[in-house]
Amino acid sequence: MPELPEVETTRRGIEPHLLGKAIQGIVIRQPRLRWPIPQRLKQLLPGQRILAVERRAKYLFLRLTQGTIIIHLGMSGSLRILPANAQPGSHDHVDFLLGEKCLRLRDPRRFGALLWTAADPTKHKLIQHLGPEPLSSEFDGHYLYRLSRNRKVAVKNFIMDSKVVVGVGNIYASESLFRAGINPVRSGHCTALRRYMQLAEEIKQVLQEAIAQGGTTLKDFHHEDGSAGYFAQKLLVYGRENRACLRCGRPIVKRVIGQRSSFYCTHCQH
DNA sequence: AAATTCTCCTGAAGGC
DNA sequence: TGCCTTCAGGAGAATT
């Protein structure tokens, strides 16, 4: 399930294969993703060059000569660079043809999106209301503390709210809360500044470490060449229900918070 | 306004 | 072995 580190890993993986390349065409085998893939891309794309490959939150931008392609990988999406004639599998929905190579979008669960905009993509309706990037200087403990004053939701839900901060999905929320010693159920407004200071730092650290490891491969995530990420081996609480807490040895608890499974240590996290 | 619930979809895993 | 059920999950939309 691609979270921010996996999307950034994907971006870094595909970027060198795409920069400056001309798109010769697009093959859409299955247009029904989260939103229909615009069919006019078939006319729009041929001849355009890819000028930049950027990321904002979990969205990827392919900046073209005219306009920008916006891609979201949903929870099972992946992008790979393949020979143009590679046989497509059943969930390989889209190919961008780049001469001898192609950029292929696979998304078995089809929660992802592939859109196009002529305007500034950061002003796009899906993008413009997003909170700050977690790795930016704008995001810190003071910021979290300030925004949380009237929020009664669990701190885990609070940091997973993309209007608060982007890119903190279920896995990394659990991990950063464990590292910061905060019980995920604790309500946002009952969490002190010094706790938010540490939490913000742990979020930055866990995301940076995951990017350095090439992302977390649990089920669906693979690199642009099909290889796996290694951060799963560094997870301290996620998926470790009933196993010993790596700090105190007591069993890790699994509980559903806001419709999402959360893993934590009731002894180490308050 | 904030918080919760619903929804999209398919593969994996568990029960019988 | 195979069918059936349940679960996972990002995030917008709908609802309370």
Side-chain angles (χ1 to χ4, degrees), chain A residues 1-11 29-37 55-60 70-79 88-94 105-115 117 121 124-134 144 146-176 184-191 203 207 210 215-222 228-229 231-232 235 237-242 252 254-263:
Chain A
M1 46 221 71
E3 296 194 22
L4 185 144
E6 290 74 43
V7 178
E8 179 60 22
T9 298
T10 296
R11 192 197 67 76
R29 299 184 193 86
Q30 168 59 276
R32 291 173 53 233
L33 300 186
R34 185 174 171 80
W35 296 282
I37 298 174
R55 179 189 60 75
R56 168 75 172 108
K58 297 176 190 173
Y59 294 89
L60 287 170
I70 300 174
I71 296 173
H72 195 289
L73 297 176
M75 56 165 299
S76 62
S78 62
L79 287 167
S90 60
H91 302 301
D92 290 334
H93 305 315
V94 179
L105 174 66
R106 166 178 292 186
D107 188 0
R109 282 170 248 188
R110 303 196 346 236
F111 280 17
L114 198 168
L115 301 168
T117 178
H124 191 277
K125 127 184 203 226
L126 292 173
I127 313 287
Q128 63 174 339
H129 298 298
L130 295 174
E133 288 288 324
L144 279 181
R146 181 157 36 83
L147 252 70
S148 67
R149 288 312 78 197
N150 301 316
R151 302 295 298 272
K152 292 176 185 168
V153 280
V155 62
K156 175 159 184 275
N157 297 344
F158 177 63
I159 61 171
M160 287 179 68
D161 181 344
S162 61
K163 290 189 285 298
V164 174
V165 58
V166 301
V168 184
N170 202 30
I171 297 175
Y172 299 110
S174 286
E175 292 299 306
S176 56
V185 181
R186 169 180 283 277
S187 73
H189 71 293
C190 289
T191 302
I203 288 171
L207 291 176
T216 305
T217 295
L218 288 182
K219 280 186 192 148
D220 303 300
F221 176 69
H222 291 279
F231 194 71
L235 296 177
V237 284
Y238 187 86
R240 299 193 65 249
E241 183 183 16
N242 294 329
I252 296 295
K254 173 182 172 178
R255 199 177 138 180
V256 174
I257 305 171
Q259 324 305 122
R260 290 287 173 266
S261 330
S262 307
F263 298 86

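Worth saying up front: this structure is predicted, and the values here are computed from it rather than measured. First the proteins, then the strands, lettered A, B, ... as listed; each starts at 1.
Picking from C/dA8, B/dG11, C/dG10 the nucleotide with the shortest atom distance to the side chain of A/Lys254 gives C/dA8. Across C/dG12, C/dA11, B/dA3, the shortest atom-to-atom separation from the side chain of A/Leu126 is found for C/dG12. Taking the side chain of A/Met75 as heavy atoms from C-beta on, and the options C/dG12, C/dG10, B/dT10, the nearest nucleotide is C/dG10. For A/Pro108, counting side-chain heavy atoms from C-beta on, the closest listed nucleotide (C/dG10, B/dG11, B/dA3) is B/dG11. Here B/dA3 is the nucleotide among C/dG12, B/dA3, B/dT10 with the atom lying nearest to any side-chain atom of A/Lys152.
Residues A/Lys156 and A/Asn170 have side chains that bring a donor and an acceptor to within less than 3.5 angstrom of each other.
Note on A/Arg260: a base of the nucleic acid sits closer than 4.0 angstrom, heavy atoms only. Among the protein residues, A/Phe158 comes within range of no part of the nucleic acid, since none of its heavy atoms lies under 4.0 Å from any strand. A/Leu33 comes within 4.0 angstrom of no nucleic acid atom, judged by non-hydrogen atoms across all strands.
Of all heavy-atom pairs between A/Trp35 and A/Ala113, the closest is CE3-CB, 3.7 Å.
Comparing the end axes of the helix from B/dA2-C/dT16 to B/dC16-C/dG2, each fitted to five base pairs by superposing C1' atoms of four pairs onto the next four, gives an inter-axis angle of 50° (nearest 10 degrees).
The side chain of A/His72 contributes an N or O atom lying less than 4.0 Å from OP1 or OP2 of C/dA11. Between A/Ser76 and the phosphate of B/dT10, there is no side-chain N or O to OP1/OP2 separation shorter than 4.0 Å. For A/Tyr172 and C/dG10, the shortest distance from a side-chain N or O to OP1 or OP2 is not below 4.0 Å.
Not counting sequence neighbours, the partners of A/Arg11 by the side-chain hydrogen bond (donor to acceptor under 3.5 Å, both in side chains) test are A/Glu8, A/Glu15. Residues forming a ring pair (Phe, Tyr, Trp, His ring centres under 6.0 Å) with A/Tyr59 (at least two apart in sequence, or on another chain): A/His72. A/Arg110 meets the salt bridge (charged side-chain N to carboxylate O under 4.0 Å, His left out) test with no other residue; sequence neighbours excluded. Residues satisfying the side-chain hydrogen bond (donor to acceptor under 3.5 Å, both in side chains) test with A/His189, not counting sequence neighbours, are A/Ser187. Partners of A/Arg29 by side-chain hydrogen bond (donor to acceptor under 3.5 Å, both in side chains), not counting sequence neighbours, listed by chain and number: A/Asp95. Annotation: side-chain hydrogen bond (donor to acceptor under 3.5 Å, both in side chains) contacts of A/Asn157 (sequence neighbours excluded): none. Remark: A/Leu147 pairs with A/Tyr143, A/Phe158, A/Val164 by the side-chain contact (heavy atoms from CB on, under 4.5 Å) rule, at least two apart or across chains. Residues satisfying the side-chain contact (heavy atoms from CB on, under 4.5 Å) test with A/Arg149, not counting sequence neighbours, are A/Tyr145, A/Tyr196. With sequence neighbours excluded, the residues forming a side-chain contact (heavy atoms from CB on, under 4.5 Å) with A/Val165 are A/Pro134, A/Phe139, A/Val168, listed by chain and number.
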Find every protein N or O atom lying less than 3.5 Å from an N or O atom of nucleotides 4-6 of chain B, and list the pairs.
| unit_1 | atom_1 | unit_2 | atom_2 | d |
| --- | --- | --- | --- | --- |
| B/dT5 | OP2 | A/Gln259 | OE1 | 3.1 |

Distances for protein N/O vs nucleotides 13-16 of chain C N/O pairs under 3.5 angstrom?
none

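A straight line from CZ of A/Arg109 to C1' of B/dC9 spans 8 Å, rounded to a whole angstrom.
The aromatic ring of A/Phe111 sits over the base of B/dC8, with ring centres less than 5.5 Å apart and planes tilted by under 30°.
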